[in-house]
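To keep things clear, I will list the structure first and then write my remarks on it.
Computed from a predicted model, the values in this text were never measured in an experiment.
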Amino acid sequence: MTKEELISAFDEMQERFGSKSRNAVYGGGCEDRPEFCLVFVNPTARNIATCKEWRGIRRQWLGTKNIWSFLTQAGLFDGELNEQIQNMRPDQWTESFCQRVYSEVERRKLYITNLAKCTQDDARSLPNSVFVQYRDLFFEEVKMIRPKKIVLFGNQVSSIVLGKNISVSQCRRKCEKLVLDGEEFDCYPVFYPIGNGRFNAPKAIEDLLFLQEKQNF
């Protein structure tokens with residue numbers, strides 16, 4: 001599939017599984033062999049790109065704060081830019097500032113995405129059945145960008161992508177293979193670091209630092 005076909009499919013899925021009053025949010029960053037593809041669950045309604053009036057890029061975590069501090073502590077984002085983010089209100093995120101943030105994501109050779117691209121009006125968890133509907137589209141996304149390593153945040157995302165029951169606590173820093181059209185991709189389940197998983201953020205940071213050291217990042 002092409003990038004345009006994926007975006008069209010994600011918009012259709014928003015109509016099926018998301019809020020009719022919100023946008024789907026797509027993956028973004030380095031789209032050509034990123035060092036890491038970071039895979040979260042589904043977009044938060046706090047993301048300014050989910051508003052129908054938004055005309056800027058639709059990328060993950062725009063207008064939020066916690067994820068950028070997490071990535072900075074994990075050595076994957078610029079400290080000065082993160083400090084600026086921490087001092088901003090969501091309504092201060094302009095289209096050009098969002099571009100600047102994702103230019104840094106691209107410069108760091110990261111690609112940030114969610115397994116499901118549908119946005120809800122609240123923070124309720126999506127059932128596994130919805131994530132399964134997105135799995136093949138996510139595989140197309142992976143084949144398009146061909147990441148060197150895929151970081152799967154949380155048990156739910158890890159289990160659905162890998163097609164087996166995964167407990168992150170039992171397989172930290174263990175490489176799981178994902179084979180798509182004969183090509184192997186290295187996947188690493190990591191604790192979910194945001195929201196209810198924020199107490200596990202230090203462990204997730206440790207594992208991301210370990211993966212960077214292993215990869216001579």
### Task
Carefully, step by step, assess V101 and F77 under the rule side chain to side chain contact (heavy atoms under 4.5 Å, CB included).
CA-CA 9 Å; V101 168; F77 195 72; 4.1 Å; yes
### Message
Pair R55, E95 - check side chain to side chain contact (heavy atoms under 4.5 Å, CB included), show working.
### Response
CA-CA 8 Å; R55 294 295 176 265; E95 294 178 17; 3.5 Å; yes
### Message
Using the rule given for side chain to side chain contact (heavy atoms under 4.5 Å, CB included), can you reason through Y111 versus Q60, listing the C-alpha separation, both sets of side-chain angles and the distance that settles it, and then say yes or no?
### Response
CA-CA 10 Å; Y111 183 87; Q60 308 301 333; over 6 Å; no
### Task
Would you check, one step at a time, whether the test side-chain hydrogen bond (donor to acceptor under 3.5 Å, both in side chains) holds for Q86 with N82?
CA-CA 6 Å; Q86 301 309 311; N82 175 58; 2.8 Å; yes
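Across T113 and C37, no two heavy atoms sit closer than the pair CG2-SG, 4.1 Å. Shortest non-hydrogen contact noted between N114 and P43 is ND2-N, 3.0 Å. The heavy-atom pair separating W93 from T64 by the smallest distance is CZ2-O, 3.5 Å. I48 approaches C98 most closely through the heavy-atom pair CD1-SG, 4.0 Å. Pairing each heavy atom of E184 with each of V179, the nearest pair is CG-CG2, 3.8 Å. The nearest pair of heavy atoms linking R107 to E104 is NE-OE1, 3.0 Å.
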Exercise answer: donor-acceptor pairs, residues 126-139 side-chain atoms, under 3.5 Å, sequence neighbours excluded:
unit_1 : atom_1 : unit_2 : atom_2 : d
N128   : OD1    : Q156   : NE2    : 2.8
Y134   : OH     : C118   : N      : 3.4
R135   : NH1    : I160   : O      : 3.1

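With a 4.5 Å cut-off on side-chain heavy atoms, K3 and Y26 do not count as touching. Put simply, the side chain of I205 does not reach to within 4.5 Å of the side chain of P193, judged on heavy atoms. When side chains are defined from C-beta on, W61 does not count as touching L71, because their heavy atoms never get closer than 4.5 Å.
In this structure, CG in L180 is found 4.0 Å from CG in L178, a value given to the nearest 0.5 Å. Here the straight-line distance linking atom OG of S19 with atom CG of D122 works out to 9.0 Å at 0.5 Å rounding. Separation of atoms CG (N165) and OG (S158) is listed at 10.5 Å; rounding is to 0.5 Å. Taking CD1 from I57 and OH from Y102, the interatomic distance works out to 7.0 Å, rounded to the nearest 0.5 Å. A distance of 8.5 Å separates CZ of F70 from CD of Q73, quoted to the nearest 0.5 Å. Expressed to the nearest 0.5 Å, how far CG of D32 lies from CD of E106 amounts to 9.5 Å.
Within the structure, salt bridge (charged side-chain N to carboxylate O under 4.0 Å, His left out) pairs that include any residue of residues 56-80 comprise D11-R58 (at least two apart or interchain). Residue pairs meeting the side chain to side chain donor-acceptor pair (under 3.5 Å) criterion with at least one partner in residues 188-202, sequence neighbours excluded, are Y188-K214. Listed by first then second residue, pairs satisfying side chain to side chain donor-acceptor pair (under 3.5 Å) with a partner in residues 38-52 read R22-T50, not counting sequence neighbours. For residues 167-179, the side chain to side chain donor-acceptor pair (under 3.5 Å) pairs, not counting sequence neighbours, are K164-E176, S167-S169, R172-E206, R172-D207, R173-D207, K177-D186.
Other residues sharing the hydrophobic cluster of V25, ordered by chain and number and joined by side-chain separations under 4.5 Å: none, the residue standing alone. F199 forms part of no hydrophobic cluster, judged by ILVMFWY side-chain heavy-atom separations under 4.5 Å.
Annotation: side chain to side chain contact (heavy atoms under 4.5 Å, CB included) contacts of E15 (sequence neighbours excluded): K20. Under the ring pair (Phe, Tyr, Trp, His ring centres under 6.0 Å) criterion, F191 pairs with no residue, sequence neighbours left out. Applying the side chain to side chain contact (heavy atoms under 4.5 Å, CB included) test to E140 and every residue at least two apart in sequence or in another chain returns M1, L6, K143. Partners of R146 under the side chain to side chain contact (heavy atoms under 4.5 Å, CB included) rule, at least two apart in sequence or in another chain, are R33, E183, F185. Residues passing the side chain to side chain contact (heavy atoms under 4.5 Å, CB included) test with S96 are T94, sequence neighbours excluded.
A donor-acceptor pair under 3.5 Å is formed between the side chain of S159 and the backbone N or O of I166.
For the side chain to side chain contact (heavy atoms under 4.5 Å, CB included) test with E35, the passing option among Q212, K149, K148 is K148; the others fail.
Note on ring orientation: taking the six-membered ring where Trp is involved, the planes of F153 and F40 are parallel (angle under 30°, cut-offs 30° and 60°).
Residue E5 qualifies as enclosed at atom CD: its count of foreign heavy atoms under 6.0 Å is above 12. Crowding of D121 atom CG: a count of heavy atoms from other residues, nucleotides or ligands under 6.0 Å exceeding 12.
Hydrophobic cluster membership differs between L209 and V168, with clusters built from Ile, Leu, Val, Met, Phe, Trp and Tyr side chains linked at under 4.5 angstrom.
With respect to the salt-bridge test (charged N to carboxylate O, under 4.0 angstrom), the residues E12 and R16 do not qualify.
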